[in-house]
Amino acid sequence: MKPLRIALTKGRLEKDTVALFEELGYNCDAVRNKGRRLILPIDNGEIEVVLAKAADVITYVEHGVCDLGVVGKDTILENGTGFFELLDLGFGRCKFALAGKKGADFFGGYNVKTIATKYPNVARTFFEKKGMDIHCIKIEGSVELAPLLGLSDAIVDIVETGSTLKENGLEVFEDIVPISARLIANNASLKLRKREIEEIVDKMYQAIKER
Ligand code: PRP
C-alpha cells in the first residue's frame, strides 16, 4: 500500500505538527534529521511527510498528490476551498487585522482607501461585507512598510504578538478573523483511504482536546 502522504507547511507549523505526531507515538526521527530532504517517512514509512510552502500545501492536496495537509487558516481563506477542512489543530494561533498608523482616522472621510496586503482576497471580502470600496495593492512581505512609506492608508495582515505593529508606530483598527492551523484532506482520499485517515484524525482530535 502507498504511504499516506501529508503535506506540512515548512517552519513553525511543521515543528508543531511533528511534536503532535510524536505525542501520538509516531516516530519522526527522519523529519527531525531531514537535512535538505523534502519527502520524509514517519513511522516505518506508513506515512510520508512532504515539506512545502503554505499555498503549495493546498495545491498538492487539491490535486490529490498529498492526501492530507497542515496549513494556516490564513492561507485557506486566501487560496480557495477545493478540499475538505477536517480539524482545527489549535496551534499557530494569530489573527487577521486591519491596521495602520497610530491615531489615523481610517474610517473617516469619503475617499476610496488604499489597502496594502499579502492577502488581497481576504482584504476584498472584508471590505465588501462593510460595503466599502477600496483600492488594493499586493505586497509580498513586511507589509507594515506600506503605510509608513505613504503607499497605503492601512494594511490587512497577520498579527501574532502585535510587536511588529507596535515597534513601527502602527495599531490595529479592527480585528478581522482568528487564525490557527488546520488539517485538510483531499476529497477523493477521504473516500478511498477513509479508514487510515479516520484513524489518524481521531488520534489527533483526542490529543488536541486534552491539551
Ligand atoms: C508576519 C506578519 C507580520 C508579523 C506579525 O510576518 O506579516 O509582519 O508576522 O507578527 P507579530 O504580531 O508577532 O509581530 P512574517 O514574519 O511571516 O514575515 P513577512 O512580513 O515577510 O510576511
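Atoms within each ligand, like the ligands themselves, are counted from 1 in listed order. Just the heavy atoms: all of them, side chains too, but no hydrogens, waters or symmetry mates, feed the values below.
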field: For atom 7 (O) of ligand 1, the protein heavy atom that lies nearest, with its residue and separation
entry: Asp157 OD2, 2.7 Å
- request: Look at atom 5 (C) of ligand 1 and say whether a protein heavy atom is found at less than 4.0 angstrom from it.
  value: yes
field: Short N-O contact, Arg211 and Glu23, less than 4.0 angstrom
entry: yes
message: Is the shortest side-chain heavy-atom distance between Leu89 and Asp16 below 4.5 Å?
response: no
statement: In this structure, atom 19 (P) of ligand 1 is nearest to the protein heavy atom Ser142 N, 3.6 Å
- request: Under 4.0 Å from a heavy atom of Thr164: give me the atoms of ligand 1 that qualify, with their elements.
  value: 4 (C), 5 (C), 10 (O), 11 (P), 14 (O)
field: Any N/O pair Leu165/ligand 1 closer than 3.5 Å
entry: no
- prompt: Quick one: nearest non-hydrogen protein atom to atom 13 (O) of ligand 1, plus distance?
  reply: Thr161 OG1, 2.5 Å
- request: Using a strict 4.0 Å cut-off to heavy atoms of Val159, name the atoms of ligand 1 that fall inside it.
  value: 12 (O)
query: Looking at Glu174 and Lys130, does any basic side-chain N land under 4.0 Å from a carboxylate oxygen?
result: yes
message: Just checking Phe173: does its CZ atom have more than 12 heavy atoms from other residues, nucleotides or ligands closer to it than 6.0 angstrom?
response: yes
query: If you measure from the Lys or Arg side-chain nitrogens to the Asp or Glu carboxylate oxygens, is any gap between Glu14 and Lys34 under 4.0 Å?
result: yes
- prompt: Distance below 4.0 Å between atom 22 (O) of ligand 1 and any protein heavy atom?
  reply: yes
- prompt: Protein heavy atoms: any of them under 4.0 Å from atom 17 (O) of ligand 1?
  reply: no
task: Under 4.0 Å from a heavy atom of Ile158: give me the atoms of ligand 1 that qualify, with their elements.
output: 2 (C), 3 (C), 5 (C)
message: Check this for me, if you would: do Lys118 and Asp157 make a salt bridge, where the nitrogen-to-carboxylate-oxygen distance has to be below 4.0 angstrom?
response: no
task: For Glu144, take its heavy atoms, then give the atoms of ligand 1 lying under 4.0 Å from any of them.
output: 3 (C), 8 (O)
Salt bridge flag under 4.0 Å for residues Glu85 and Lys73: yes
Ligand 1 to Lys118 polar contact by distance, N or O atoms, under 3.5 Å: yes
- prompt: For Val65, does its backbone N or O pair with a side-chain atom of Arg5 as donor and acceptor, under 3.5 Å?
  reply: yes
